[in-house]
Amino acid sequence: MSKLLSDAQNKQNEFLDKLTSSKELQNQRPVFHFATPGGWCNDPNGFSQFNGKIHLFYQYHPYSIQWGPMHWGHAVSEDFLNWQNENVALAPDSESDCKGCFSGTALEHNGKHYLFYTGVVNNGKADIQNQCLAIGDGKEYKKISSNPILTSSHIPFEFNIEHFRDPKVWKKDGKFFMVCVIKQKNDCGAMVMFESSDAENWTYKGILDSSKDGFSKMWECPDVSVIDGKDVLIFSPQEVNENYELGFHDGNNSVYVTGKLDYHNFSFKREVRSENNYTAALVDYGIDFYAPETTKLSDGRIIMIGWMQAWESYITPENYSWSGMMTLPRELSIKNNRLYQKPVREFELWKKDKVLGECKVSEKIIIANNYKRSFELDLDFSALENQKGSVKVILEKNKQRVYFKIDLDEESIFFDRSTSLRPGAIKDRRAKLRIDGKLSSVKIIVDTCSMEVFINEGIQTFTNSFFFSDLDSDLVIENSTSEKLKYGFYKVEQQKN
């Protein structure tokens with residue numbers, strides 16, 4: 001073990017020791033979302049199933065709650081909700097990655113766990129990016145001696161070699177395929193594709209897809225999957241200009257496209273998205289959702305997890321020892337050519353003590369008083385005939401407040417954290433309601449410092465994080481429609497494996 005890897009592990013062990021002995025630190029943390037034991041995390045990496053467990057790696061800087069030289073943290077789970085911290089998997093400790101181990105993916109091959117990642121080095125003029133490989137047994141990982149396995153020299157045209165990253169690798173028909181993202185000479189993003197017979201020696205095949213219509217600049221974190229027979233690309237474009245009608249917001253977005261991946265011509269033909277009549281649509285419409293990654297399980301499910309924080313709006317309280325968390329893992333499906341997301345089915349086992357009730361016309365009621373923020377609230381709109389007015393769900397305590405609003409008149413959803421502990425640069429987010437017809441259901445899952453909303457069985461999601469000074473708060477529903485609104489409330493408590 002290198003000194004850099006050993007130092008990172010010692011720092012993680014220090015955080016784990018403090019966490020074990022401190023109830024205050026434990027109470028700051030989410031109950032059923034993954035968060036690093038201490039330090040900074042961003043993109044999920046290497047999300048995969050190996051040796052019967054779910055493995056989650058992540059971009060990790062263990063020395064502060066700010067971004068720093070990137071390592072790969074590592075955790076495993078059997079249910080997507082109870083996470084066990086493993087040893088730090090990668091540190092920037094070799095000639096091929098001395099400036100950082102950036103994002104990538106993992107897969108099983110010949111009984112081993114292969115980690116593909118971007119290694120950052122300096123060529124004397126700038127930090128440049130290449131693709132590297134480490135192989136392990138689920139516990140420890142060793143970088144291969146021939147790293148990097150892919151450099152800018154593999155691509156037969158000029159591009160910005162400072163932006164060549166985030167390998168996504170999969171197997172098909174006995175071959176390995178990889179896509180990475182690059183910044184072209186025109187500053188726009190593109191997804192380039194490679195092929196290999198052994199996962200170590202790669203051949204460039206072509207540009208799979210690229211930024212179109214001035215939609216964005218650099219892309220990040222490409223993901224390729226087949227969902228219900230449909231080829232799906234997911235990626236995170238940067239420097240997007242806000243377009244409310246299309247659904248895009250300023251800055252970093254995460255989008256999906258459907259269509260056909262042509263393995264003969266190594267290209268992707270996009271379909272027009274029904275939710276906005278464009279060829280790409282947002283995966284999630286909230287403030288805090290970025291860099292999602294999928295994996296296919298042995299039972300056939302496609303599961304996605306994302307980073308629940310925004311680059312543009314840092315809100316971690318100064319007294320916290322950790323920063324950044326992951327979304328609740330979500331099962332993906334394609335129905336009527338729309339992406340649906342729902343919490344992993346294992347989450348149902350954590351729900352208990354269901355309470356049914358109703359909020360009358362023009363009524364504001366407290367559902368839970370001074371209650372720990374670990375619950376699910378289901379709102380039933382199916383009986384509302386005229387679909388007019390609005391409903392607001394509020395969390396508040398000692399003048400700190402966040403709320404989620406469904407406005408049926410404007411056909412919009414809205415989240416506001418402007419009076420939370422640390423609202424950040426982005427204090428609210430409004431999005432168009434994109435449900436293809438009548439609003440029927442809204443599922444709101446709250447976990448200590450996050451709110452994930454699933455609309456109409458997950459045809460649209462809306463993810464936001466926030467912080468309060470107190471762990472407990474009041475949960476309030478305000479019904480401004482002209483009809484009674486039924487709801488279901490569940491406590492969510494940890495279930496040990």
Side-chain angles (χ1 to χ4, degrees), residues 11-12 15 25 27-30 33-45 58-73 100 102-103 120 165-166 216-218 220-221 236-242 248-254 282-293 305-328 373 395 400-404 414-431 446-452 462-471:
K11 189 64 179 178
Q12 178 172 286
F15 283 128
L25 291 178
N27 287 339
Q28 289 177 346
R29 301 174 60 79
H33 288 76
F34 175 80
T36 177
W40 164 278
C41 80
N42 55 281
D43 306 355
N45 299 151
Y58 54 93
Q59 292 287 276
Y60 186 30
H61 183 238
Y63 302 107
S64 80
I65 56 172
Q66 303 285 340
W67 189 94
M70 285 291 97
H71 301 58
W72 272 37
F102 281 13
S103 295
V120 185
R165 56 182 177 269
D166 305 345
S216 64
K217 294 298 183 181
M218 179 61 187
E220 291 193 311
C221 303
S236 295
Q238 300 179 311
E239 298 181 63
V240 177
N241 293 319
E242 181 180 9
F248 309 132
H249 52 78
D250 281 337
N252 299 299
N253 291 233
S254 291
L282 282 188
V283 179
D284 188 284
Y285 290 78
I287 301 171
D288 297 296
F289 184 92
Y290 195 68
E293 186 170 37
I305 194 169
W307 181 44
M308 193 158 42
Q309 189 166 300
W311 285 115
E312 302 93 337
S313 189
Y314 181 80
I315 64 171
T316 303
E318 295 177 356
N319 65 327
Y320 273 42
S321 60
W322 60 276
S323 179
M325 53 191 166
M326 300 301 170
T327 65
L328 190 61
R373 292 188 299 277
L395 292 166
Q400 292 177 3
R401 183 175 189 255
V402 299
Y403 71 86
F404 167 69
F414 181 74
F415 178 81
D416 185 290
R417 66 183 181 199
S418 58
T419 54
S420 62
L421 175 61
R422 191 172 183 181
I426 304 175
K427 297 176 175 58
D428 56 51
R429 172 64 50 80
R430 184 183 301 278
V446 172
D447 184 8
T448 310
C449 43
S450 66
M451 178 186 290
E452 293 178 86
F462 194 59
T463 299
N464 304 280
S465 60
F466 60 89
F467 292 94
F468 280 8
S469 299
D470 295 292
L471 173 65

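This is a predicted model, so every value here is computed, not measured.
We find the OG-CD distance between S254 and E220 to be 9.5 Å, quoted to the nearest 0.5 Å. Between atom OG1 of residue T316 and atom CE of residue M325 there is a gap of 8.0 Å, rounded to the nearest 0.5 Å. Annotation: the span from D416 atom CG to N464 atom CG amounts to 10.0 Å, rounded to 0.5 Å. For the atom pair OH (Y285) and CZ (F248), the distance works out to 8.0 Å, reported to the nearest 0.5 Å. Between atom CE of residue M308 and atom CG of residue L328 there is a gap of 8.0 Å, rounded to the nearest 0.5 Å. To the nearest 0.5 Å, atom OG1 of residue T448 and atom CD of residue Q28 are 10.5 Å apart.
The closest donor-acceptor contact from the side chain of W40 to the backbone of Q59 lies at 3.5 Å or more, if one exists at all. Side-chain atoms of D284 do not come within 3.5 Å of backbone N or O of F289 as any donor-acceptor pair. A donor-acceptor pair under 3.5 Å is absent between the side-chain atoms of S236 and the main chain of Y290, judged by distance alone. R29 contributes a side-chain N or O that, together with a main-chain N or O of A35, makes up a donor-acceptor pair within less than 3.5 Å. Side chain of N253 to main chain of G251: a donor-acceptor pair is present (N/O by atom type, distance under 3.5 Å, no hydrogens or angles). The backbone N or O of D288 lies less than 3.5 Å from no partner atom in the side chain of W307, so there is not a single donor-acceptor pair. Judged purely by atom type and a 3.5 angstrom limit, R417 uses its side chain to pair as donor or acceptor with the backbone of P423. Of the possible polar contacts, one joining the D250 side chain to the E242 backbone as a donor-acceptor pair under 3.5 Å is found. Between the side chain of D166 and the main chain of C221, a donor-acceptor pair closer than 3.5 Å is present.
Here the shortest heavy-atom pairing between M326 and C41 reads CE-SG, 4.3 Å. In plain terms, the two heavy atoms of F466 and M451 that are nearest each other are CE2-N, 4.0 Å. Between S323 and Y314, the closest heavy-atom pair is OG-CE1, 3.5 Å. Looking at every heavy atom in both residues, N42 comes nearest to M70 through OD1-SD, 3.6 Å. Across all non-hydrogen atoms, the minimal contact from I65 to P317 is CD1-O, 3.9 Å. Closest approach of S216 to V240, counting heavy atoms only: CB-CG2, 3.8 Å.
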The test is side chain to side chain contact (heavy atoms under 4.5 Å, CB included); show your working for H33 and C449 and say whether it passes. CA-CA 10 Å; H33 288 76; C449 43; over 6 Å; no
Output, in order, the C-alpha distance, side-chain angles, deciding distance and verdict of side chain to side chain contact (heavy atoms under 4.5 Å, CB included) for Q238 and W311. CA-CA 10 Å; Q238 300 179 311; W311 285 115; 5.6 Å; no
Would you please test H249 and I287 for side chain to side chain contact (heavy atoms under 4.5 Å, CB included) and show each step? CA-CA 9 Å; H249 52 78; I287 301 171; over 6 Å; no
Walk me through whether S420 and F467 qualify under side chain to side chain contact (heavy atoms under 4.5 Å, CB included). CA-CA 6 Å; S420 62; F467 292 94; over 6 Å; no
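Side chain to side chain, S465 and S450 fail the donor-acceptor criterion of an N or O pair below 3.5 Å. Using modelled atom types and a 3.5 Å distance limit, the side chains of E312 and N252 yield a donor-acceptor pair. For the 3.5 Å distance criterion, the side chains of R429 and S313 fail to qualify, holding no donor opposite an acceptor. Under 3.5 Å, the side chains of S103 and N45 contain a donor-acceptor pair of N or O atoms.
Between H71 and Y60, the ring-plane angle classifies as perpendicular under the 30° and 60° cut-offs. Using a 30° and 60° split on the angle between ring planes, F415 and F462 fall in the perpendicular class, above 60°. The aromatic rings of W322 and Y320 sit tilted relative to each other, their planes meeting at an angle between 30° and 60°.
With a 4.5 Å cut-off on side-chain heavy atoms, F468 and L395 count as touching.
Contact check on D43 versus R165 returns no salt bridge, with no Lys/Arg side-chain nitrogen under 4.0 Å from an Asp/Glu carboxylate oxygen.
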